[in-house]
Amino acid sequence: MITIMPADKAFLESINAPEGVEALVLRDSRQEISGHALFRLQGQEVELLGVVCDEPLLVDGLIRSVLNAGDYRGATDGLCRVESLAPHLQRLEFQPTEDGWRVSLEAFFRAGCSGEDRT
């Protein structure tokens with residue numbers, strides 16, 4: 001079983017996360033961290049700063065969890081400027097823009113798993 005949860009201060013310090021950067025960590029059944037996603041919430045935008053994980057499906061799960069955390073805290077848009085994540089972002093229906101990959105959180109959470117509108 002895996003769990004995605006907010007990182008504690010000790011973890012953020014261990015990876016030298018800059019001030020204002022948060023993380024979600026992926027823990028396995030032994031409570032060992034096997035991946036993480038860094039993000040920053042600025043106003044109505046949650047910016048994904050990076051994902052460290054070897055399993056592609058879990059990378060998608062970490063990205064979705066960051067978007068959910070942003071949505072829960074009032075963000076309306078997601079942004080990512082990490083070009084190496086482009087295949088994941090495309091699959092999750094982020095759109096390329098001049099300043100990175102963007103997604104409307106309302107549209108993201110209203111769409112079904114295949115991108116179909118559930119309403």
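- Atom CZ of Arg64 sits about 8.5 Å away from atom CZ of Phe109, to the nearest 0.5 Å.
- Between Phe94 and Ile63 there is a side-chain heavy-atom pair separated by less than 4.5 Å.
- Ile33 and Val59 are members of different hydrophobic clusters when ILVMFWY side chains are connected at heavy-atom separations under 4.5 Å.
- Within 6.0 Å of CG on Asp54 lie no more than 12 heavy atoms contributed by other residues, nucleotides or ligands.
- Evaluation of the side-chain contact (heavy atoms from CB on, under 4.5 Å) rule for Glu45 yields Leu79, Arg102 as partners, not counting sequence neighbours.
- Annotation: Glu106, atom CD; neighbour count of heavy atoms from other residues, nucleotides and ligands within 6.0 Å does not exceed 12.
- Sorted by first then second residue, the ring pair (Phe, Tyr, Trp, His ring centres under 6.0 Å) pairs that include residues 39-61, not counting sequence neighbours, number zero.
- A ring pair (Phe, Tyr, Trp, His ring centres under 6.0 Å) check over residues 60-82, counting only residues at least two apart or in different chains, returns nothing.
- Residues forming a side-chain contact (heavy atoms from CB on, under 4.5 Å) with Ser29 (at least two apart in sequence, or on another chain): none.
- Shown here for Ala37 and Val51, the closest heavy-atom pair between the two residues is CB-CG2, 4.0 Å.
- The two residues Cys53 and Leu58 have their closest heavy-atom pair at SG-CB, 3.6 Å.
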Per-pair distances, 0.1 Å, donor-acceptor, side chain in residues 8-26, under 3.5 Å, sequence neighbours excluded:
residue	atom	partner	partner atom	Å
Asp8	OD1	Ala10	N	3.4
Asp8	OD1	Phe11	N	2.8
Ser14	OG	Phe11	O	2.7
Glu22	OE1	Arg73	NH1	2.8
Glu22	OE2	Arg73	NH1	3.2
Glu22	OE2	Arg73	NH2	2.8

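- Taking the side-chain hydrogen bond (donor to acceptor under 3.5 Å, both in side chains) definition, one finds that Asp60 meets it with His88, Arg91, sequence neighbours left out.
- In this structure, Ser104 OG and Leu67 CG are separated by 10.5 Å, a value rounded to the nearest 0.5 Å.
- Residue pairs meeting the side chain to side chain donor-acceptor pair (under 3.5 Å) criterion with at least one partner in residues 32-44, sequence neighbours excluded, do not occur; the list is empty.
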> Could you go step by step and tell me if Val82 and Leu89 meet the side chain to side chain contact (heavy atoms under 4.5 Å, CB included) rule?
Replying inline: CA-CA 10 Å; Val82 181; Leu89 301 173; over 6 Å; no
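- Nearest heavy atoms, Asp28 versus Arg30: OD1-N, 2.9 Å.
- Of the residues listed (Val46, Leu41, Leu49), the one engaging Val66 in a side-chain contact (heavy atoms from CB on, under 4.5 Å) is Val46, and it is the only one.
- Residues that satisfy the side-chain contact (heavy atoms from CB on, under 4.5 Å) test with Gln95, not counting sequence neighbours, are absent from this structure.
- Residues Ile4 and Leu38 do not share a hydrophobic cluster, clusters being chains of Ile/Leu/Val/Met/Phe/Trp/Tyr side chains in contact below 4.5 Å.
- Side-chain contact check for Leu62 versus Leu48: every heavy-atom pair is 4.5 Å or farther apart.
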